[in-house]
Each structure stands twice: as structure tokens, then as C-alpha cells.
Amino acid sequence: MTLKKYLIPVAVILACALVLFAASAGLAGTEEAREAELFDTLMQQLLPGGGEYEAVEYSGSDSNITAVYSGEYGVVVDTTVPGFNNPVRTLVGVTNDGVVYSVCVLENHNTYGLGMATMNDWDFLCSLTGSEGDLTVTDVDVVAGATITSSAIMSAVNSAANYVLDSSAGGPLTGTAEGFAGPITVEVTMDGDTITAVTVVSNSETPAVAAGALEQIPAAIVEANSADVDIVAGATYTSNGIINAVKAALENAGSTGGDGGLTGTAEGFAGPITVSVTMDGDTITGVTVVSNSETPAIAGGALEQIPAAIVEANSPDVDIVAGATYTSNGIINAVKDAIGA
Amino acid sequence: MKTLEFKLSTVLAGVTGITCLVLVLLRALAPTVMLPLVNIPNIAALCAIALVADCWLDWKKPVPKQNWLAVAVFAVLTLWLMPWAAGLCGWAEALRVGVLGGALFTAMAFMFTGIRQKIFSGPAGKGVMGFISPLAAAFVLYLAFQAFADILL
């Protein structure tokens, strides 16, 4: 009798497990089909008319990005960013020119009514669209009581936009500047922060005079990984035209060079912290934490306050936030790395 | 001397099985629905439901004695095998969930049994209150356990 009493719960447990296993296996095909259907619907809603989306292998260092899907008009970036007590999964649609077109929070298991409210707060979500990887908490009305989860979604949006801007996912970067006989347009191909190719797409220069510059300047820029190269004697205007066109392409993309966004990385408490610093001459106009692996509950204050303090002081030499020493120093050192201080 | 009962473990298995089945169906048929995480707060809720269901099934009967070791083992088995079989988490993660969830359920059941004995030996166990009191007690236990135990997962 006693043995039978032991067997009843064991039998129920095993029977339930078997039923669940069978149901899970039996519905796997349906699940896959529904997920594919949902994927297509989401892609068309995030970037309408973008045709068929294909997964692109992501080999970058941004830990926020888990997958990238490329379409005709841009990319949809799948991100997972630590929220207040659970990660937030967000899909971000970014056009080929790096502008955030749409944001969809897929999974958010943070505090009900607070962190979870971010996924349905249309004012907050709409305010993220139109940005170009430079969002900070001062730019957006974050959801009340959910600063850390709001920041996580903003970080996801910044990562997605910066992916397009920093890589060739949206095609080569294009820039135009005035040469001797007319505008010179170049295409710049990047691999992360490295210039891998410069192609003069169109020009109106005199071939006999400008041929040397048209050939040598692009090669020199790739070799120096910088637009600051020596001009070719006898083709000053053409040389400067190509150089300025490359600088324009880089600045348009927010990459390093010129007065565009600078990127720096330093070690925080739980991993590397990457920041994007925008400058206007010698003035720091914006500091954005692009990616980090810090514990939100501990590092949230530093992630919010240190960038703002650096902009206010126009210097990375600011006071650290108590209780988040490593994160504070990580952000400060990343900014120093970005501006070469 | 009351006989040993394992109905509580059977009820937990039933409640967990039904919940997992609903999640499997939702995952397959309604992929837009955000499924709850397999974590301590949600397991605490599941345990509270099982405790109340067991109490209601035995309404007006004496509170049965439990073999707490067997209750713990069955709870570990239940909370390990079912989320894994339903594909809600991998087997290693499911084992961790099972061990922690089993300990959680045993602790909740131990305290709930004490509360239940008090309830049914006094006026709170009479009439409609006999239905409401275990529900309220289980809800308070759920709040207490889910608030602190999430640190473990």
C-alpha cells in the first residue's frame, strides 16, 4: 500500500512530462511556421517595403547586438540589453543612412507597472525614432520609475543605429566635396573603425592633371587609415577634393575623423564599456554609453550621471559615483580613449 | 495515527503539468504572447496555487501528515522534468530550477501546513472563510517567498 502511494505521484510526474514532451515535439513545426510568419510581419512593420530580409552575420564587439537582418531600405537589429532585473529584447529598424525608423520591445520581464511599462509607453518609444545613435537620458523623457530599463532600450537603439553608421551594413559610406572642375564623390568602405577601401565614384577633373591624385590619394587614405594624408603635387584641388569627400563620408556616418563622433573603450566592472563622444571643436557636446555589461542596479547611477558630468565639465576628469567606482572609471577612461586624452 | 499522503505532490505535478502545457500551446499558437520566465517568483506562484488546490480538495478533512523528504524529492522531480520536457529551459537550467524550486515548495508547504492546521482548528476554517483563509495565507506566503528567493536564480 505504501509503495503504491509512492508510485502514484511518480506516475503522474512521468505521465505529465511525457505529455509535455510529446506536445512540445508535435507542435514544433507549427511553432516554427508561426514564428516565421511573425518574423515577416515584424520586419515589414519595422521597415515597410524593405523586401525580403536576410540574416547578416554580426562580428562586431557590441554585446547588445544578437542578430542583424538586412533589407532593401535598411536593417533590423535584434538586441538584448540588461534591464533593471531582467534583460530587455528589442528590435530596432534602422534605415540605410543610420536613422532609427522604428522600435519594438519584444521581451521585457522587468517590474510590472514600472520597467515593464516601457514596452507600451508610446510617447517614450516614439521619441526614440529619428535618432542617429546619439540618444542620452537628457534627450528623452524616460518612463517614470523605470530609468534603468528605459536606458537599456535607449542603449539598444543607439547600438542599432551605430551598427549601421559604423559598418558597411548599409553599403559603403558616401561623401562629396568640391574638386577643381566640379564635385568629387567617393565611396568609403569600413570594417569597424578601419578604412578598407576608398573609391572615387564620380568626378569632372581633367584626367591628364588629376590622374595621379585620383589614383594615389585613395590608396594613401586606406594605408594611413585616415583622411589626413599628403596631397599630390600639381593636383592640389583634386587631392583636397578627395580628402574632403572622404572626411564628409566619415562625418556623415558618425565615424572617427573630422568633428564626428569619437569612439572609445575601457574596462568597467563586468566587461568593456564603449562610449561615443561628440565634439564641437574642443567642446564635448555629448557622451553616450554605446555598450556595457555592468549590473544595472549598481551601475545605473554612474551610467547616467558620469556622461552628463563629463559634458558639463567639458572634461573626463570628473568625480566618480559612490558605489560604482569601476563603472565610473570605465566610462571616464573610455572617454579619454575616445578623445585621446 | 494518520496515514502518509502524497496527494500534495500529485496536485503539484498536475498544476505544473497544466501550466506547462498552456505555455507550450501559447508558444506554438500565439508567438506574440510574452511567456513568463521560469524563475523563483513564478515558481512560488505555482507552488501557492498547488497548496491552495490541495487544501480545497481536502476541505473539511483533517490536515494530513506529510513525509517531507518525499515531498521535497517529488517537487524537485516535478519542477525539473516538466519545464525541461516542455522546452521552457535546457536540462541543466531545469535541474537548477528543480532543486531550488523543490526546496522552495517544501518550505512553503511546511509553513502552509502549520497555518492550515491553525485555520481549521478555529473559526477561520468554518463556512466560506474555510475557502478564503487558505487562499489569503498562500498569497501572503507567495509574496514572502518570491520577494527574497529571486536572488537564488
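Remember, it's a predicted structure, so these values are computed and weren't measured experimentally. Per chain, numbering begins at 1; letters A, B, ... match sequence-line order.
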ask   = Which atoms form the tightest heavy-atom contact between A/Ser24 and B/Gly87, and what is the distance?
value = OG-N, 4.3 Å
request  = Answer yes or no: is there a side-chain heavy-atom contact under 4.5 Å between B/Met82 and A/Cys16?
outcome  = yes
Point-to-point distance, once rounded to the nearest 0.5 Å, from OG1 of B/Thr32 to CD of A/Glu37 = 10.5 Å
query = Of the backbone (N, CA, C, O) and the side chain (C-beta and beyond), which part of B/Ala70 lies under 4.5 Å from a heavy atom of chain A, both, or neither?
reply = side chain
task = For B/Tyr142, look at atom OH and say whether over 12 heavy atoms of other residues, nucleotides or ligands are found less than 6.0 Å away.
result = yes
query = Got A/Pro9 and B/Lys7 here, is their nearest side-chain heavy-atom distance under 4.5 Å?
reply = no
inquiry  = For a quick test of reading the model, state the closest non-hydrogen atom pair linking A/Val10 to B/Phe74 and the distance between them.
reply    = CG2-CE2, 3.3 Å
note = If you tally heavy-atom pairs under 4.5 Å between each of A/Leu14, A/Asn108, A/Val19, A/Leu106 and chain B, the highest tally belongs to A/Asn108
query = With a 4.5 Å heavy-atom cut-off, do A/Val12 and B/Thr78 have their side chains touching?
reply = no
task = Mark yes when over 12 heavy atoms from residues, nucleotides or ligands other than A/Glu32 sit less than 6.0 Å from its CD; otherwise mark no.
result = no
request  = First locate atom CG of B/Leu25, then atom CD of A/Glu31, and finally report the distance between them rounded to the nearest 0.5 Å.
outcome  = 10.5 Å
request  = Flag the pair A/Arg89 / B/Met34 as yes when at least one side-chain heavy-atom distance between them is below 4.5 Å, and no otherwise.
outcome  = no
ask   = Does any heavy atom of chain A fall under 4.5 Å from the side chain of B/Ile18, the backbone, both, or neither of them?
value = neither
key: Shortest non-hydrogen contact between A/Ile13 and B/Ala13, atoms and distance   = CG1-CB, 3.7 Å
inquiry  = Surrounding CZ of B/Phe139 (heavy atoms of other residues, nucleotides or ligands, distance under 6.0 Å), is the total greater than 12?
reply    = no
key: Contact class of A/Leu27 relative to chain B, heavy atoms under 4.5 angstrom   = both
key: Pairs of heavy atoms under 4.5 Å with chain A: top-ranked of B/Ser9, B/Ala86, B/Gly17   = B/Ala86
query = For A/Phe39, does the CZ atom have more than 12 heavy-atom neighbours from other residues, nucleotides or ligands under 6.0 Å away?
reply = yes
task = Would you check if the side chain of A/Arg34 reaches a backbone N or O of B/Pro31 as a donor-acceptor pair within less than 3.5 Å?
result = no
query = Of the non-hydrogen atoms in B/Leu21 and A/Ala23, which two are nearest, and what is the gap between them?
reply = CD1-CB, 3.9 Å
remark   = Interatomic distance, CG@B/Leu81 vs CZ@A/Phe21, rounded to 0.5 Å, equals 11.5 Å
Other residues, nucleotides, ligands: >12 heavy atoms within 6.0 Å of B/Trp91 CH2 = no
key: Region of A/Leu42 that comes under 4.5 Å of a non-hydrogen atom in chain B   = neither
message = If you define the side chain from C-beta out and look only at heavy atoms, does anything of A/Leu7 sit under 4.5 Å from B/Phe6?
response = no
Neighbour count above 12 (heavy atom, 6.0 Å) for A/Asp40 CG = yes
request  = Can you tell which part of B/Pro36 gets under 4.5 Å to a heavy atom of chain A, answering side chain, backbone, both or neither?
outcome  = backbone
